[in-house]
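Quick notes on the structure that follows.
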Amino acid sequence: IYLDRNDYYEPRQQFRLRMTVAHEFAHAKLHASILNSIKTMDDARMLITYFTENPDRYRLYEIQAFTLGGYLLVPDQTLEAATLEVQRNMSQKMSGTVDFTSEAIWKIIAEKVARKYEVTRQVAEKRLRHSQLWLKPQK
């Protein structure tokens, strides 16, 4: 698990850094048995070989960590309410003429949700899609 110390000093990267920390924390929680099994350099080499022989294995572990990190920073318990708030604000500002079936509008919604949770737009978009809120009209 590695975090670049210089990222802490780059203000433009603070939201990405939050996700990186959550992602690495997720690795520690989800993959603790694997990480704890590494006792020697040979163990580390074997793990690297395990992942490099089949990139799909590595990708699965990364997806798992990204998903849990996203849930930690953008929890389901508040995501729908935050999304509805953004939709209502957009409707009010645009006199109710917002097409909530538009991918372009949802990219804007994702950006606003991302700011609320202090994550990147990509994290917010994935959470909205995974929670089946993407392209869901306002209630």
Side-chain angles (χ1 to χ4, degrees):
I1 295 175
Y2 174 77
L3 294 173
D4 187 342
R5 185 173 184 264
N6 292 324
D7 283 344
Y8 285 99
Y9 303 111
E10 179 57 53
R12 293 176 302 153
Q13 298 295 332
Q14 70 185 37
F15 292 173
R16 186 183 71 79
L17 180 62
R18 290 182 77 239
M19 184 57 194
T20 300
V21 171
H23 173 95
E24 298 304 335
F25 174 79
H27 274 306
K29 288 311 221 181
L30 294 170
H31 309 129
S33 61
I34 294 169
L35 297 172
N36 291 334
S37 71
I38 301 171
K39 305 289 185 216
T40 66
M41 284 304 291
D42 284 341
D43 294 341
R45 284 186 201 96
M46 283 175 43
L47 182 62
I48 290 168
T49 300
Y50 173 79
F51 284 126
T52 55
E53 284 177 349
N54 185 342
D56 288 339
R57 289 181 195 147
Y58 178 73
R59 200 170 5 262
L60 176 62
Y61 282 80
E62 289 301 310
I63 289 169
Q64 290 171 342
F66 185 88
T67 300
L68 180 55
Y71 273 102
L72 291 170
L73 296 177
V74 186
D76 267 346
Q77 294 84 346
T78 58
L79 180 57
E80 186 169 10
T83 304
L84 287 172
E85 180 184 333
V86 169
Q87 287 177 305
R88 283 189 203 108
N89 288 342
M90 288 177 81
S91 288
Q92 287 173 353
K93 288 179 183 173
M94 299 175 79
S95 303
T97 60
V98 182
D99 178 8
F100 289 114
T101 63
S102 163
E103 288 278 335
I105 292 295
W106 277 90
K107 298 252 184 224
I108 296 168
I109 291 171
E111 184 63 42
K112 292 179 182 297
V113 168
R115 277 192 232 128
K116 181 173 185 68
Y117 287 98
E118 297 183 346
V119 297
T120 64
R121 184 190 55 77
Q122 293 82 358
V123 170
E125 183 175 329
K126 285 186 183 195
R127 287 294 296 115
L128 288 165
R129 287 181 186 276
H130 196 263
S131 295
Q132 299 179 345
L133 295 170
W134 193 261
L135 299 179
K136 185 175 177 183
Q138 176 182 3
K139 292 180 182 176

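Side chains are part of it too, since the values below use all heavy atoms of this structure and drop only hydrogens, waters and symmetry mates.
- Here the CD atom belonging to Glu118 is positioned 9.5 Å from the CG atom belonging to Leu73, to the nearest 0.5 angstrom.
- Considering only heavy atoms from C-beta on, Thr120 stays 4.5 Å or farther from Met19 through its side chain.
- Side-chain N or O atoms of Asp43 include one that pairs as donor or acceptor with a backbone N or O of Thr40 at under 3.5 Å.
- Note: Trp134 and Trp106 have tilted aromatic rings, judged against thresholds of 30 and 60 degrees for the angle between ring planes.
- The minimum heavy-atom distance between Gln132 and Lys136, with the atom names listed, is O-CD, 3.9 Å.
- With hydrophobic clusters built from ILVMFWY side chains whose heavy atoms lie under 4.5 angstrom apart, Val86 shares a cluster with Met94.
- A pairwise comparison of heavy atoms in Ala124 and Ala110 identifies CB-O, 3.4 Å as the closest pair.
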Given side-chain contact (heavy atoms from CB on, under 4.5 Å), test Tyr71 with His130 step by step and report yes or no. CA-CA 10 Å; Tyr71 273 102; His130 196 263; 2.7 Å; yes
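- No donor-acceptor pair under 3.5 Å is formed between the side chain of Ser131 and the backbone N or O of Leu128.
- Closest approach of Ala28 to Leu35, counting heavy atoms only: CA-CD1, 4.0 Å.
- For the atom pair CZ of Arg18 and CG of Leu72, the computed distance is 10.5 Å after rounding to the nearest 0.5 Å.
- If you chain together hydrophobic residues whose side chains sit under 4.5 Å apart, Ile108 and Val113 fall into the same group.
- Shortest non-hydrogen contact noted between Leu135 and Thr101 is CD2-O, 3.5 Å.
- When every heavy atom of Pro75 is checked against every heavy atom of Arg127, the shortest pair comes out as C-NH2, 3.9 Å.
- Relative ring orientation between Tyr61 and His31 is described as tilted, the plane-to-plane angle lying within the 30° to 60° band.
- To the nearest 0.5 Å, atom CG of residue Leu79 and atom CG of residue Leu84 are 9.5 Å apart.
- We find the CD1-CZ distance between Ile63 and Arg59 to be 7.0 Å, quoted to the nearest 0.5 Å.
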Before you tell me yes or no, could you show the steps for Lys107 and Glu111 under salt bridge (Lys or Arg N to Asp or Glu O under 4.0 Å), namely the whole-Å CA-CA distance, both residues' side-chain angles and the distance that decides it to 0.1 Å? CA-CA 6 Å; Lys107 298 252 184 224; Glu111 184 63 42; over 6 Å; no
Could you walk me through whether Tyr50 and Tyr58 pass side-chain contact (heavy atoms from CB on, under 4.5 Å), step by step? CA-CA 9 Å; Tyr50 173 79; Tyr58 178 73; over 6 Å; no
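- Between the side chains of His27 and Gln64, no donor-acceptor pair of N or O atoms lies under 3.5 Å.
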Derivation of the side-chain contact (heavy atoms from CB on, under 4.5 Å) call for Met90 and Ile105: CA-CA 10 Å; Met90 288 177 81; Ile105 292 295; 3.9 Å; yes
Tell me, with the steps shown, if Glu85 and Lys112 meet side-chain contact (heavy atoms from CB on, under 4.5 Å). CA-CA 10 Å; Glu85 180 184 333; Lys112 292 179 182 297; over 6 Å; no
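- In this structure, the side chains of Gln87 and Val98 stay at 4.5 Å or more apart for every pair of heavy atoms.
- Inter-residue side-chain proximity for Phe66 and Val123 is flagged as met; some heavy-atom pair is nearer than 4.5 Å.
- With values rounded to the nearest 0.5 angstrom, Met41 atom CE is found 13.5 Å from Met46 atom CE.
- Counting heavy-atom neighbours within 6.0 Å of Glu103 CD, excluding the residue itself, gives a total above 12.
- Residue Asp76 holds its CG atom at 8.0 Å from CG of Leu133, rounded to the nearest 0.5 Å.
- Between Ala26 and Ala65 the shortest heavy-atom distance is CB-O, 3.4 Å.
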